[in-house]
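Report on one structure; see the data block that follows.
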Amino acid sequence: MVNMIPSEIDERTKSDAERNFYSIIKELDLGKTAYAIHDLSVPGHESKSKGEIDFVIICSMGIACLEVKGGGLRRVNGIWYGIDRDGEVHKKMESPEKQCSDNMYNLEKWISKNVDINKRIEYIYGLVFPDVAFNKITQDIPKERVYDKNTEDAAEYLKVLFGYSQKGRYKNPDILTPADIEKMAGYLIANLDFAATLDTRLGYAEKKIIRLTEGQKSIVNMYSGNKHLLVRGAAGTGKSIVAVEYAGKCIAKGKKVLFLAYNKNIVRSIKSRFKASDNIKVIGLHDLFIEHTGWSKEKSKENITAYFNEILPEEFNAYVRGLGEKELEKMQYDVLVIDEAQDILKLNYIDNVDHMLKGGFERGQWAVFYDSRQNIYNPELENGLEMISLYAPTEIELTCNCRNTFEIADFNAKMTDTRLPEFLGDAGGEEVRIITYNNEDEFEKKISELIKALRKEEIHLEEVVFLSFHRYEKSALSKLKSKKLKFNVIDENYVSQEGIPAFSTIHSFKGLDAKIVVLIIESEKETDSELFKNLLYTACSRARTMLYVVTTEEFEREYINKQMG
C-alpha cells in the first residue's frame, strides 16, 4: 500500500481521470514508506507563479512526477488539443510533456535547496492518458513514459519508467532509505499549497481565507507509528490543527486521550471540536491539578503566582504519589496531547503530567506542540525542552503559514525581528493599517471612526477582536466616554454578541485567531525586551485577513517606522 496524501481525494477535484488514477495508485505495493502526493503546488516556477503536479510519488527508486490528462487528445503541428466527452476540441497552450518536465525540474531544485540528503536521487516524469490508447509514440514522448488505457500494471509501469530514466543522468542512482523518504515527504507535506480566495476586497464585503489543511493533517498519518512527537511551528502554521487531528485519530483507535493546554480560552475552543461522547478529556493544566487537589483560597491570596507555579503543582504531586497502583491506573490516559506547550514545559509540570500518562513520557504515547516565540509565561522553557528531548521524540517543524495573509506575516516579521514564514500560492490581502493618536479625546475619535467605517463596509463587528497588552479595566478602551462604543470581553463565560466587537488581552487570546484584529498599543515600555517582542508577535499573528494597529504618534515614530525600515 502507498501512503496517500491527502488520505482521501479532495471532493473539489473535477477530473475523473485523476480520481480513477488516485484509486489505482492507492493500491500499489511500493513499500511501507512510499508516499503519493496528489495535486502538489510547487512555488517558484520559471514562467508561472507556481506549477502544479498531479501526482508525486516518493519511493525507494526515487521521485516520479506524473501528469494526468483525461479525455481525448490530439496533436497537430506540435500543438496539443484536448477532446471532451461531447467531442468538442480545446486548444492546449502547453504540451503535457513540457508541463510535467518543467515542474519536475523545479521540484528537484526546490528539494535540493531545502532538504539535506546527500544522495544521487533519480527524478523522473511520466504521462498518464487513461482514456486513450496512445499508440503514436514520438521522439519527445517515448513509450516508456506513457501510461494509457492499455496499461495493465501501474507498478510495472513505474519500474519501467525509472529504468528508462536511468539511461540518462544516473546509471546507478542511490536507493532511498525509509528515513530519506520520510524526510523528503515530510518537507513536501508540511509545505503543501496555501490557497486564498477573496469574496471581495476587505472594505466592501467579507474576505475569507480558505486553508488547505490536508498537508498538516496528513502529518498525523505520516508519523502515526512514532510514539513520541515534538512538533515545533511558528504562529499560524497549523499546530492546533495537527494536534486536534492527532487526538481524533487516537480516539478513533479506541484510545483514551488527555488533551492539555494552558490558556482557558484555547481549552474552550478545543473542547468545541469534540463531542461529549468522545473518549477525550480537554482541560487546562491548573484545572487538572485543582480537579484532584482542590482550590486553596488562603494560599492563593498570599501569592497567586507562587501558588500556581509552585504550591499547586507540589500538592498535586503529593496527591498522585500517595495513590495506590490501581487508583493511579484509573486516572491515567493512553495518549497525552499538549498544545501551546511552551507554557507547560517546566520541570515540575512535566514531572506531574508524567503521572497522568500510562508508561509516562518514557514509554507512553504523546505529542507535544510548541512555539518558542509565543512563550510569555515560562522562563524554564529551554530546560523543559531539554528534558523532553531525553525521551528521543521524533521532531517535526511546521513551516508554511496557513492563517495570515502575506501582508500581515511580513509586518509581523519586521516588527518582531523574526523570519518571514513560507507562503505557497496566493496569500495576499490588504496592507496593515496604522492609526495614530496624541491624546485620549483623539483616541476615542479614531476608535469611533474605525468602527463606523467597518460598519459601512459591511463588516460583521462580532468577527472583530480588539487586543491589548492590558486588561480591559486598565486599557485605554475602558476610558471611552461614548456609551455607543461597547466591547464584549472574552472570558470564561464569553458568548459572541451580534454587532459588538470582542476584547481580549494578548495573553488570553494566545492560540486563537480572528478575521480582523485591532491591536491597541499604548505607551508601552521596554520595547527591546524579549517579552514585549513575544507579545507583539503573538498579537499580530492572531489576525487572519486584516490587521489594524492603533497607537500613539510617538510609538509609530520611535518604533514602527524604525522596524519597518
Side-chain angles (χ1 to χ4, degrees), residues 7 216-231 238-294 312-313 315-341 343-346 348-370 384 387-388 390-394 396 511:
S7 56
Q216 287 91 333
K217 289 181 180 181
S218 295
I219 291 175
V220 176
N221 296 326
M222 183 175 178
Y223 292 100
S224 59
N226 301 77
K227 291 185 69 175
H228 302 164
L229 296 180
L230 183 59
V231 184
K239 295 184 298 299
S240 292
I241 292 171
V242 179
V244 169
E245 184 76 3
Y246 180 86
K249 293 284 186 182
C250 293
I251 292 168
K253 294 178 181 179
K255 295 185 178 182
K256 185 181 176 184
V257 178
L258 175 62
F259 195 116
L260 285 182
Y262 192 88
N263 187 311
K264 290 184 177 181
N265 290 322
I266 297 175
V267 170
R268 186 176 63 244
S269 175
I270 298 297
K271 274 185 177 179
S272 68
R273 305 186 192 191
F274 294 99
K275 298 178 182 178
S277 59
D278 285 342
N279 198 19
I280 183 171
K281 184 180 187 70
V282 182
I283 192 170
L285 177 71
H286 292 115
D287 285 337
L288 175 70
F289 296 162
I290 291 170
E291 188 176 88
H292 293 282
T293 64
L312 185 58
E315 290 180 350
F316 178 80
N317 195 289
Y319 169 77
V320 293
R321 289 185 182 279
L323 295 175
E325 185 176 341
K326 291 184 178 180
E327 291 177 305
L328 183 59
E329 286 180 358
K330 287 182 180 179
M331 64 181 287
Q332 288 181 328
Y333 293 80
D334 302 311
V335 180
L336 170 67
V337 179
I338 304 179
D339 195 15
E340 299 294 320
D343 301 322
I344 294 177
L345 293 181
K346 295 176 61 176
N348 61 336
Y349 290 167
I350 293 172
D351 185 41
N352 284 339
V353 173
D354 184 80
H355 295 297
M356 301 300 297
L357 178 63
K358 291 180 181 179
F361 278 100
E362 183 176 2
R363 292 179 289 107
Q365 181 178 349
W366 50 267
V368 171
F369 301 81
Y370 77 100
M387 183 173 182
I388 283 289
L390 295 176
Y391 301 110
T394 298
I396 306 168

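Taking both residues in full, the closest heavy atoms of Gly511 and Ile266 are given as CA-CD1, 3.7 Å, listed atom of the first, atom of the second, then distance. Scanning both residues, Asp354 and Gly360, for their nearest heavy atoms gives OD1-CA, 3.4 Å. Among all heavy-atom pairs drawn from Leu336 and Leu357, the shortest one is N-CD1, 3.7 Å. For Ala341 against Val368, the heavy-atom pair with the smallest separation is CB-CG1, 3.3 Å. For the residue pair Val267 and Gly284, the shortest heavy atom distance occurs at CG2-N, 3.6 Å.
Residues satisfying the ring-ring contact (aromatic ring centres under 6.0 Å, His included) test with Tyr370, not counting sequence neighbours, are none.
Of the possible donor and acceptor atoms, one in the side chain of Asp334 sits under 3.5 Å from a partner among the backbone N and O of Lys256. Between the side chain of Asp343 and the backbone N or O of Tyr262 there is no donor-acceptor pair closer than 3.5 Å. In this structure a side-chain-to-backbone donor-acceptor pair under 3.5 Å is missing from Asn226 to His228. A donor-acceptor pair under 3.5 Å links the side-chain atoms of Gln332 to the main chain of His355, judged by distance alone. At distances below 3.5 Å, at least one donor-acceptor pair connects side-chain atoms of Thr293 with backbone N or O atoms of Phe289. Within the 3.5 Å criterion, the main-chain N or O of Arg363 finds a donor-acceptor partner in the side chain of Lys227.
Cation-pi check for Lys239 over Phe369 is not met; the charged atom does not lie both under 6.0 angstrom from the ring centroid and within 45 degrees of its normal.
Salt-bridge annotation for Arg321 and Asp351: present, with a side-chain N of the basic residue lying under 4.0 Å from a carboxylate O of the acidic one. With respect to Glu291 and Lys281, a salt bridge is recorded, a charged nitrogen being found less than 4.0 Å from a carboxylate O.
The line from NZ of Lys271 to CD1 of Ile280 is 11.0 Å long, rounded to the nearest 0.5 Å. To the nearest 0.5 Å, atoms CG (Asn263) and CZ (Arg268) are separated by 8.5 Å. Arg273 contributes atom CZ, which lies 6.0 Å from atom OG of Ser240 (distance to the nearest 0.5 angstrom). We find the CG-SG distance between Asn279 and Cys250 to be 11.0 Å, quoted to the nearest 0.5 Å.
Side-chain contact between Leu229 and Pro393 is absent, with no heavy-atom pair separated by less than 4.5 Å. Between Val353 and Leu285 the shortest side-chain heavy-atom distance falls below 4.5 Å. Side-chain contact check for Ile283 versus Phe259: every heavy-atom pair is 4.5 Å or farther apart. You'll find the side chain of Trp366 stays beyond 4.5 Å of the side chain of Val335, heavy atoms only. When side chains are defined from C-beta on, Val257 does not count as touching Tyr333, because their heavy atoms never get closer than 4.5 Å. With contacts defined as side-chain heavy-atom distances shorter than 4.5 Å, the pair Leu288/Leu260 qualifies.
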Practice prompt. Test side chain to side chain contact (heavy atoms under 4.5 Å, CB included) on Glu325 and Leu328 and set out the steps.
Written response: CA-CA 5 Å; Glu325 185 176 341; Leu328 183 59; 5.9 Å; no

Practice prompt. Go through the steps for Val320 and Met331 under the test side chain to side chain contact (heavy atoms under 4.5 Å, CB included), then give the verdict.
Written response: CA-CA 10 Å; Val320 293; Met331 64 181 287; 4.0 Å; yes

Item to complete: Before giving the answer on side chain to side chain contact (heavy atoms under 4.5 Å, CB included), spell out for Leu230 and Ile388 the whole-Å C-alpha distance, their side-chain angles and the decisive distance to 0.1 Å.
Response: CA-CA 8 Å; Leu230 183 59; Ile388 283 289; 4.2 Å; yes

Item to complete: Would you sort out whether Phe361 and Ile350 count as a side chain to side chain contact (heavy atoms under 4.5 Å, CB included), showing the intermediate values?
Response: CA-CA 9 Å; Phe361 278 100; Ile350 293 172; 3.7 Å; yes

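Judged purely by distance below 3.5 Å, without hydrogens or angles, the side chains of Lys255 and Gln365 pair a donor atom with an acceptor atom.
In this structure, Tyr349 has its ring center closer than 6.0 angstrom to the ring center of His286.
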